[in-house]
Undergrad: 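I'd like to ask some things about the structure below.
Predicted, not measured: the structure shown is a model, and the values here were computed from it. Ligands are counted one by one from 1 in listed order, and the atoms in each one are counted from 1 as well.
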Amino acid sequence: MRLENKVALVTGASSGIGKASALLFAEEGAHVVVADVNETEGQAVVQAIHDLGAKAAFVKTDVSRAVDCEHMIAFTEKTFGKLNVLFNNAGIMHSSDDDSQATEEEVWDLTMNINAKGVFLGCKYGIPALRRAGGGSIINTASFVALLGAATPQVAYTASKGAVLSMTRELAVIHARENIRVNALCPGPLRTELLMKFLDTDDKKQRRLVHIPMGRFGEAHEMAKAALFLASDESSFTTGAEFVVDGGITSAYVTPQ
Ligand code: NAD
């Protein structure tokens, strides 16, 4: 098992990438803390992990709030004794996120607070716990839009993911000598609730699909596999990476028809 004797904390673990990763990490031997604002779905993930015969616990967390992030880390150490893997994955894409003219300041602030500040707060409180464990792995979910301009305008989301990627690089450099690795997962467009709610018409979905060489949306479990590599000791020399898992979208100039 690839995460035997490890304790992993996954934010945004009630749905999508976070849920798939929490389940896969547990299958690979980790004790998993499921952190999310959505308690009902989060408890269901914990139950599914228990059904696998593995250990998990839920902690209600709004990653944009410092008190919640401090608590989720304390909860993890109290419940399972240590923290080895911190997956800062929670994020939103607001339905009113648009171009710079149409996007309201409140949408900008909310998006930055959850997507970018949430990662900062996870690291602020999580890094001391990783140090206490002798080091560990941090994975921050960015996006392909941190690398390419999106065809569908979503200015706040794009800016927030650029912040996650650049923050990841700095954290990787600063903490490299402490045996703490920090990598960004950059997913392409996925068939999860987050994107399917945003691309809410066939036309919008098609406008995105046309840019993906593989011609399909990615799946949450495909991101979980990448996160597992970054979480495990198999990626022991990987830090500061923009780990792109995107069906080829960032490599495409013209997509095959
Ligand atoms: P999802 O909507 O399925 O899951 C997101 C989870 O985050 C939900 O459980 C939600 O309750 C939780 N969440 C939202 N706000 C929160 C907060 N303030 N505090 C704690 N939890 C909160 O979406 P997903 O596609 O699995 O997205 C996961 C991550 O992947 C996000 O950071 C997203 O930006 C990123 N991402 C998604 C795509 C995509 O196409 N879906 C592409 C690139 C990156």
Side-chain angles (χ1 to χ4, degrees), residues 9-24 33-46 58-69 71-72 75 86-95 97 107 109-122 139-148 150-152 154 156-165 167-168 184-200 204-205 208-209 211-212 214 216-224 226-227 242-247 249-250:
L9 166 59
V10 183
T11 72
S14 295
S15 172
I17 299 174
K19 176 181 176 178
S21 301
L23 287 162
L24 184 60
V33 173
V34 170
D36 204 290
V37 279
N38 186 334
E39 178 150 16
T40 310
E41 294 301 322
Q43 293 290 7
V45 174
V46 167
F58 176 80
V59 60
K60 187 162 181 164
T61 307
D62 176 347
V63 296
S64 68
R65 300 184 65 222
V67 282
D68 283 20
C69 288
H71 177 249
M72 79 178 177
F75 174 87
L86 172 60
F87 190 4
N88 291 308
N89 165 75
I92 60 157
M93 184 183 267
H94 199 284
S95 57
D97 194 357
V107 170
D109 287 344
L110 181 67
T111 304
M112 292 301 280
N113 282 341
I114 296 173
N115 293 10
K117 192 168 97 176
V119 171
F120 157 67
L121 291 173
I139 306 151
N140 298 325
T141 305
S143 169
F144 75 99
V145 300
L147 304 163
L148 285 182
T152 316
Q154 44 180 33
Y157 183 83
T158 299
S160 74
K161 294 304 184 179
V164 171
L165 185 54
M167 184 172 16
T168 298
L185 177 65
C186 296
L190 306 181
R191 207 165 53 85
T192 64
E193 201 171 321
L194 176 137
L195 188 65
M196 294 304 106
K197 262 199 204 153
F198 187 72
L199 305 178
D200 55 359
K204 284 188 198 165
K205 286 191 184 70
R208 190 59 65 90
L209 273 175
H211 296 285
I212 309 172
M214 284 193 173
R216 66 170 176 88
F217 291 108
E219 302 290 340
H221 69 84
E222 294 175 303
M223 302 306 120
E242 46 190 57
F243 203 83
V244 176
V245 189
D246 71 345
I249 195 167
T250 53

Undergrad: Taking only residues two or more places apart in sequence or in another chain, which ones pass ring pair (Phe, Tyr, Trp, His ring centres under 6.0 Å) with F217?
TA: none

Undergrad: Judged on heavy-atom distance to atom 12 (C) of ligand 1, which of V119, T111, D36 sits nearest?
TA: D36

Undergrad: For atom 7 (O) of ligand 1, what's the nearest protein heavy-atom neighbour? Residue, atom name and distance, please.
TA: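 Heavy-atom neighbour on the protein nearest atom 7 (O) of ligand 1: G12 CA, 3.4 Å.
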
Undergrad: Distance-only, no hydrogens or angles: does the S143 side chain make a donor-acceptor pair with backbone N or O of C186 under 3.5 Å?
TA: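 Here the side-chain-to-backbone pair does not exist.
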
Undergrad: Could you tell me whether ligand 1 has any atom less than 4.0 Å away from a heavy atom of A220?
TA: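 Judged by the 4.0 Å heavy-atom criterion, A220 does not count as contacting ligand 1.
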
Undergrad: Measuring from atom 34 (O) of ligand 1, which candidate in F198, F87, Y157 has the nearest non-hydrogen atom?
TA: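 The option holding the nearest heavy atom is Y157.
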
Undergrad: Between the candidates G188, A142, G91, which shows the shortest non-hydrogen contact distance to atom 44 (C) of ligand 1?
TA: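 Ranked by closest heavy atom to atom 44 (C) of ligand 1, first place is A142.
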
Undergrad: List the steps and the verdict of side chain to side chain contact (heavy atoms under 4.5 Å, CB included) for H71 and T61.
TA: CA-CA 8 Å; H71 177 249; T61 307; 5.7 Å; no

Undergrad: Assess K161 for proximity to ligand 1: is some non-hydrogen atom of it under 4.0 Å away?
TA: yes

Undergrad: Within the 4.0 Å heavy-atom shell around G16, which atoms of ligand 1 are there?
TA: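 Numbered from 1, ligand 1 contributes 3 (O), 26 (O).
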
Undergrad: Who are the side chain to side chain donor-acceptor pair (under 3.5 Å) partners of E242, not counting sequence neighbours?
TA: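 With sequence neighbours excluded, E242 shows a side chain to side chain donor-acceptor pair (under 3.5 Å) to R169, given in chain and number order.
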
Undergrad: CD1 of I114 to CG of D62: how many Å apart, nearest 0.5 Å?
TA: 6.0 Å

Undergrad: Among all protein heavy atoms, pick the one closest to atom 26 (O) of ligand 1 and tell me residue, atom and distance.
TA: I17 N, 2.8 Å

Undergrad: Let me see the working for M223 and T141 under side chain to side chain contact (heavy atoms under 4.5 Å, CB included), right down to the final yes or no.
TA: CA-CA 10 Å; M223 302 306 120; T141 305; over 6 Å; no

Undergrad: Donor-acceptor pair, distance only, cut-off 3.5 Å: does the side chain of D36 make one with the backbone of S14?
TA: yes

Undergrad: Can you figure out which of L199, V245, L194, V34 has its heavy atom closest to atom 23 (O) of ligand 1?
TA: L194

Undergrad: Give me the nearest non-hydrogen protein atom to atom 29 (C) of ligand 1 as residue plus atom name, then the distance to 0.1 Å.
TA: N89 O, 3.1 Å

Undergrad: Mind checking whether S143 has an N or O less than 3.5 Å away from an N or O of ligand 1?
TA: no

Undergrad: Can you list the atoms of ligand 1 that are under 4.0 Å from a heavy atom of P189?
TA: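 Near P189, the atoms of ligand 1 are 40 (O).
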
Undergrad: Quick test: of every protein heavy atom, which one is nearest to atom 15 (N) of ligand 1, and how far off is it to 0.1 Å?
TA: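 Going by distance alone, atom 15 (N) of ligand 1 is nearest to I92 CG2, 3.6 Å.
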
Undergrad: Which option, A13, G122, S15, A224, owns the non-hydrogen atom nearest atom 3 (O) of ligand 1?
TA: S15

Undergrad: Starting from atom 40 (O) of ligand 1, what is the nearest protein heavy atom, named by residue and atom, and what distance separates them?
TA: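 That would be L190 N, 2.8 Å.
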
Undergrad: Can you tell which of D246, T192, V164 gets a heavy atom nearest to atom 41 (N) of ligand 1?
TA: T192

Undergrad: So is there a nitrogen or oxygen of V63 less than 3.5 Å from a nitrogen or oxygen in ligand 1?
TA: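 Yes - when backbone and side-chain N and O of V63 are compared with those of ligand 1, one distance drops under 3.5 Å.
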
Undergrad: Rounded to the nearest 0.5 Å, what separates atom OG1 in T158 from atom CZ in F144?
TA: 8.0 Å

Undergrad: Tell me which one of D62, L110, N88, T141 gets a heavy atom nearest to atom 18 (N) of ligand 1.
TA: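 Going through D62, L110, N88, T141 one by one, D62 has the nearest heavy atom to atom 18 (N) of ligand 1.
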
Undergrad: What's the shortest heavy-atom distance between C69 and L121, and which atoms?
TA: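 Looking at all heavy atoms of both residues, the shortest contact is SG-CB, 3.7 Å.
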
Undergrad: Who gets closest to atom 16 (C) of ligand 1 by heavy atom: V37, T61, V10?
TA: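 Among V37, T61, V10, the closest heavy atom to atom 16 (C) of ligand 1 belongs to V37.
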
Undergrad: Mark yes or no for whether D97, through its side chain, and Y157, through its backbone, hold a donor-acceptor pair below 3.5 Å.
TA: yes

Undergrad: Please classify the M93 to ligand 1 contact at 4.0 Å (heavy-atom distances, strictly less than): side chain, backbone, both or neither.
TA: neither

Undergrad: Tell me whether N89 contacts the main-chain N or O of T11 through its side chain, where contact means a donor paired with an acceptor under 3.5 Å.
TA: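 A pair under 3.5 Å: yes.
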
Undergrad: Checking side chain to side chain contact (heavy atoms under 4.5 Å, CB included) for the pair K205/M196: CA distance, chi angles, key distance, verdict?
TA: CA-CA 8 Å; K205 286 191 184 70; M196 294 304 106; 3.5 Å; yes

